[in-house]
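Comments concern the structure below.
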Amino acid sequence: MGKDRDTNGYVNASTEPPPANSAVNRRLLVFGGAVGGVLASHQSFAQTSANVPPNVPQWMKEQGAPILSPAYGVPSEFEKAVIRRKRDPRPTDTAAPSWSPLQNLYGIITPNGLCYERHHNGVPLINPDEHRLIIHGLVDRELIFTMDDLMRFPSVSRIYFMECAGNTQNWQNTNPDWTVQHTHGLVLCCEWTGVLLSTLLEEVGLKPNGKWVLAEGADAAAMTRSLPIEKALDDTIIVYAQNGERLRPEQGYPLRMFVPGYEGNMSIKWLRRLKIGDQPFHTREETSKYTDLMPDGRARQFTFVMEAKSVITRPSGGQQLSGGKGSYEITGLAWSGHGRIKRVDVSVDGGKNWHEARLQEPVLPKALTRFCAPWRWDGGPAILQSRAIDETGYVQPQHDAIVNARGLYSSDHYNAIQSWRVSSDGRVVFHVA
Ligand SMILES: Nc1nc2c(c(=O)[nH]1)N[C@H]1C(S)=C(S)[C@@H](COP(=O)(O)O)O[C@H]1N2
Ligand SMILES: [Mo]
């Protein structure tokens, strides 16, 4: 297994992926079955509406709306329920995270308008012409960059997930009405464009004793985190664009740091300052919120990497199987801060039997990976689960394994297998494993 993740309290449910045993293989037939000829759409030809075939619908009989209205496009009005949502009441509105509707997403890219939001003191309104990035401390040349300066450096565009350490708060106080938006909606995956931090550190000349980078945001929280220099020089990006356009205000406009695979908190938005030091800076964030209390009273600090996790997004909590028994596709998302997803298994009987899901291409390191599995629902109760295995061999743990290792004190970095219960009437609800 190689990685000593036991030492910082992570669960090592198993070091080897579970074998694809014959029980699994025999199950395939029952699980998948033939997909052809099962979609019972014949009754939709009944005359339910003057717009349904074989009639010519109203929208084919009149001129359509003109283009450029609005000039920045918006989704169909029939999709207006697909929005970010808050979950828990908070004393101030700006502190409440807004969760991404994973149940309504396809593929692996989160559209900019549906990216989850988390800010500690609201979204600042920053004029990019007046924004600067200062790099100072243990460097040969302290430099101040304008946005135009940054645009002149060689750029990269890379697809990565980002997950808040507080995503999936399922260890206690769970709510049976939670949907996948409420349980897992603090994760997103975008194409990030900017300059590698290593490029900028070369420009300022990193001193040999420079081991940590303090990153500070230009919001009212002045959020600051310490980043080890190895990660800064590896794949950390100073980002100005997301999914092909400039960052949205809530995602850090005009500039943010992006730290692939690390807890979202490290990706400082509205980035204004990078200070190089020879040790961690122990910022306010690091000594309070982003420290995890362990059962033995010790605390683990600097739990940067987000471990492998997966969740079925359809069918999921709050949904209803659209027709009676028969064929459905189970689909969901898997990710690991350590690299690529190697395999995802799906179970429809609460983990007794597992079936290897198909991974949709592309399967990228530190990115969301879409998995799919055909399912023939027999009309009876079912418990749907998925379990991710990443390229290090780490297997997503069960709830009990996490609680045994960490106790119930630590609310962050929870990555257990999620269950959804399907009842005979086709309703799907959150199920506590
Ligand atoms: N300056 C600043 N950066 C910040 C935050 C913040 O409040 N201020 N929130 C952090 C947290 S906790 C997370 S999970 C991510 C959320 O990024 P997003 O809002 O783009 O999804 O940004 C991080 N960077
Ligand atoms: Mo976060």
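We count ligands from 1, going down the list as the structure has it; atoms in each ligand are counted the same way.
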Backbone, side chain, both or neither: what part of [X] comes under 4.0 angstrom of ligand 1, heavy atoms only?
X: Asn265; result: both
X: Met266; result: neither
X: Leu188; result: side chain
X: Ser267; result: backbone
X: Glu163; result: neither

Please could you name the atoms of ligand 1 that [X] approaches to less than 4.0 Å, counting only its heavy atoms?
X: Glu117; value: 19 (O)
X: Met162; value: 16 (C), 17 (O), 18 (P), 20 (O), 21 (O)
X: Ile268; value: 3 (N), 24 (N)
X: Cys164; value: 14 (S)
X: Gly217; value: 1 (N)
X: Trp270; value: 1 (N), 2 (C), 8 (N)
X: Gln251; value: 18 (P), 19 (O), 20 (O), 21 (O)
X: His119; value: 7 (O)

Quiz prompt | Qualifying residues under side-chain hydrogen bond (donor to acceptor under 3.5 Å, both in side chains), relative to Glu250, sequence neighbours excluded | solution = Arg84
Quiz item: Does some non-hydrogen atom of Glu263 fall short of 4.0 Å from ligand 1?
Solution: no
Contact check, side chains of [X] and [Y], non-hydrogen atoms, under 4.5 Å:
X: Trp192; Y: Gln242; value: yes
X: Ile402; Y: Asn415; value: yes
X: Gln418; Y: Thr183; value: yes
X: Ser316; Y: Thr179; value: no

Self-check item: Donor on one side chain, acceptor on other, Asn243 and Asn112, under 3.5 Å
Solution: yes
Exercise. For a side chain to side chain donor-acceptor pair (under 3.5 Å) with Lys309, tell me which candidate from His184, Glu163, His413 qualifies.
Key: Glu163
Quiz item: Quick one: is the NZ or CZ of Lys275 closer than 6.0 Å to the six-membered ring centre of Phe281, and within 45° of its axis?
Solution: no
Practice problem: If a pair satisfies salt bridge (Lys or Arg N to Asp or Glu O under 4.0 Å) and one of its residues is in residues 200-218, list it, with sequence neighbours excluded. | Solution: Asp140-Lys207, Glu216-Arg272, Glu216-Arg273
